[in-house]
There are 2 protein chains.
Amino acid sequence: MNPHPHQDPAPPGGHTPAQARGRRRRAALLDTAVTLLAEGGFAAVTHRAVATRAGLPLAATTYYFASRDQLLAEAFAQLVQTELATTRAWITRHGLTALPDQIAAADRRRQLGLWELYVHAGRDPVLQHIARRWTDGCVRIIAETLGLPATDTRVRLLYTTVSALWLEHVVEQRPLDQARTLLTHALHHATGPHPPATGDTR
Amino acid sequence: MNPHPHQDPAPPGGHTPAQARGRRRRAALLDTAVTLLAEGGFAAVTHRAVATRAGLPLAATTYYFASRDQLLAEAFAQLVQTELATTRAWITRHGLTALPDQIAAADRRRQLGLWELYVHAGRDPVLQHIARRWTDGCVRIIAETLGLPATDTRVRLLYTTVSALWLEHVVEQRPLDQARTLLTHALHHATGPHPPATGDTR
DNA sequence: GGCGAAGTGGTACGGGTGTGCCAAATTTTA
DNA sequence: TAAAATTTGGCACACCCGTACCACTTCGCC
């Protein structure tokens with residue numbers, strides 16, 4: 001049932017609430033953290049801001065999360081998961097060529113927050129692990145769409161193009177026309193008549 | 001003489017020192033800012049940290065730079081410029097295929113700082129302008145190396161691969177082997193027998 | 001020389017931060 | 001029901017931040 005085989009087993013630290021209301025509150029805090037991250041970058045994700053926005057007392061954040069870092073890490077994980085799911089859904093509905101439209105339609109600030117945390121993961125082993133999950137997830141989506149193994153060079157190559165164009169658009173806000181063209185070319189290369197990439201069978 | 005035609009004409013705000021020592025100090029502050037950025041991300045670039053590290057009084061930072069944002073922006077510009085120059089030098093010496101080696105040899109934290117600011121540029125129009133310069137610079141290097149116009153689809157496509165692999169390596173620290181393979185393939189596509197930029201294969 | 005501008009550096013203010021503390025309220029268990 | 005565990009929320013501490021202020025020194029120039 002669950003399409004996500006490797007979930008966080010149980011993030012340590014902080015209190016894992018045993019009561020229903022507590023679980024709801026914890027989730028609300030996490031959602032709020034993601035929202036704030038999107039709105040103002042991860043500098044905006046402070047205990048106070050999250051608690052206030054969620055309509056909860058300040059101490060709630062320190063109660064459910066061992067530290068700000070942990071809050072951020074879990075928010076990142078959630079963001080990765082939801083974005084992956086959204087993208088997968090869009091692509092299975094509209095195909096890979098429609099990805100620019102998805103990018104255009106998506107909440108830019110949210111993407112920005114995702115990439116912010118992604119880069120930040122380069123300094124934090126915990127976040128790094130989640131960042132890898134993001135990359136792997138994207139690759140897997142492409143692989144499944146193309147019906148190729150995730151290790152196929154063509155898949156990996158296509159992913160780099162998608163990824164770079166995505167980031168570039170989110171950051172630099174250039175017109176999407178060129179991105180569309182490039183993606184089409186890249187797709188053609190990946191699905192085209194070439195059999196050259198032939199896989200690392202591993 | 002100057003190989004960089006579009007320099008910052010004169011960053012407004014802050015004092016542009018008229019005396020030699022002042023200019024040296026300003027430059028030292030900027031260098032220190034870049035160093036701190038590399039060491040601890042841009043949250044570590046504070047007035048106090050920069051001043052202390054540079055061996056200057058706190059007020060020096062506010063004297064030479066109108067605000068922290070301006071300091072950060074100029075540090076970003078400098079980082080972009082030096083990294084671009086380094087990369088260009090490396091590639092003209094060793095060729096595009098050696099790029100993974102350059103990436104491996106480069107100061108990872110410095111790259112991390114660059115990408116951090118790059119993503120941050122998505123929220124700040126001033127930085128966004130510099131971010132575009134970074135992308136354009138990379139594309140131009142590739143175009144010159146390949147002897148193609150910077151608008152060529154193959155160039156742009158190759159850039160996306162390079163860029164994504166670069167970021168991925170810096171953030172996720174995966175082994176470089178696969179990146180090397182991918183880059184080789186991408187290069188082959190770009191320089192290969194195809195004339196695909198306009199007319200599609202055969 | 002002297003004098004105005006440029007540069008210097010010590011200090012202070014107001015504000016926001018993460019987090020620890022602890023008594024009260026609430027829920028679960030016995 | 002009573003007792004125990006969990007959850008709550010108000011508060012305060014210590015710290016660091018950006019920046020303004022201002023007496024002081026040094027420099028460029030007439």
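Quantities reported herein were computed from a predicted structural model and do not represent experimental measurements. A, B, ... follow the sequence lines: proteins, then strands. Residue 1 opens every chain.
Nearest nucleotide to the B:Arg25 side chain, out of D:dT19, C:dG7, C:dG9: C:dG9. The nucleotide whose nearest atom lies closest to any side-chain atom of B:Pro17 is, among C:dT19, D:dT8, C:dG7, C:dG7. Across D:dG9, D:dT19, C:dG7, the shortest atom-to-atom separation from the side chain of B:Arg68 is found for D:dT19. Listed candidates were D:dT7, D:dC21, C:dA6. Nearest to the side chain of B:Ala59 is D:dC21.
As judged by a 4.0 angstrom heavy-atom cut-off over every strand, B:Thr46 is placed among residues touching the sugar-phosphate backbone only. Looking at heavy-atom distances under 4.0 Å, B:Leu56 makes no contact with the nucleic acid at all. Across all strands, A:Ser67 comes closer than 4.0 Å only to sugar-phosphate atoms, never to a base (heavy-atom distances). Across all strands shown, A:Arg48 has heavy atoms under 4.0 Å from base atoms, whether or not it also approaches the sugar-phosphate.
The separation between B:Tyr63 atom OH and D:dA20 atom C1' is 15 Å, rounded to whole Å. When the C1' atom of C:dA6 is taken as reference, atom CZ of B:Arg21 falls 12 Å away, rounded to whole Å. One can place CZ of B:Phe65 at 14 Å from P of D:dG18, the figure rounded to the nearest angstrom. Remark: C1' of D:dC11 and CG of A:Leu58 are 10 Å apart, rounded to the nearest angstrom. The distance between atom CD of B:Gln19 and atom P of C:dA6, rounded to the nearest whole Å, is 9 Å. Atom-to-atom, NE2 of A:His47 to P of C:dG16 comes out at 17 Å; the value is rounded to the nearest Å. Between B:His15 atom NE2 and C:dT8 atom P there is a gap of 11 Å when expressed in whole angstrom units. For A:Tyr64 and D:dT6, the OH to P distance is 13 Å, given to the nearest whole Å.
Within 6.0 Å of CZ in B:Arg109 there are 12 or fewer heavy atoms belonging to other residues, nucleotides or ligands. Atom NE2 of A:His94 sits in a crowded spot, with more than 12 heavy atoms from other residues, nucleotides or ligands closer than 6.0 Å. More than 12 heavy-atom neighbours from other residues, nucleotides or ligands sit within 6.0 angstrom of CZ on B:Arg132.
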Steps toward salt bridge (charged side-chain N to carboxylate O under 4.0 Å, His left out) verdict (B:Asp136, A:Arg174):
CA-CA 12 Å; B:Asp136 291 340; A:Arg174 287 174 150 148; 2.9 Å; yes

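The side-chain tip of B:Arg26 does not point at the ring of B:Tyr63 from less than 6.0 angstrom away and within 45° of straight on.
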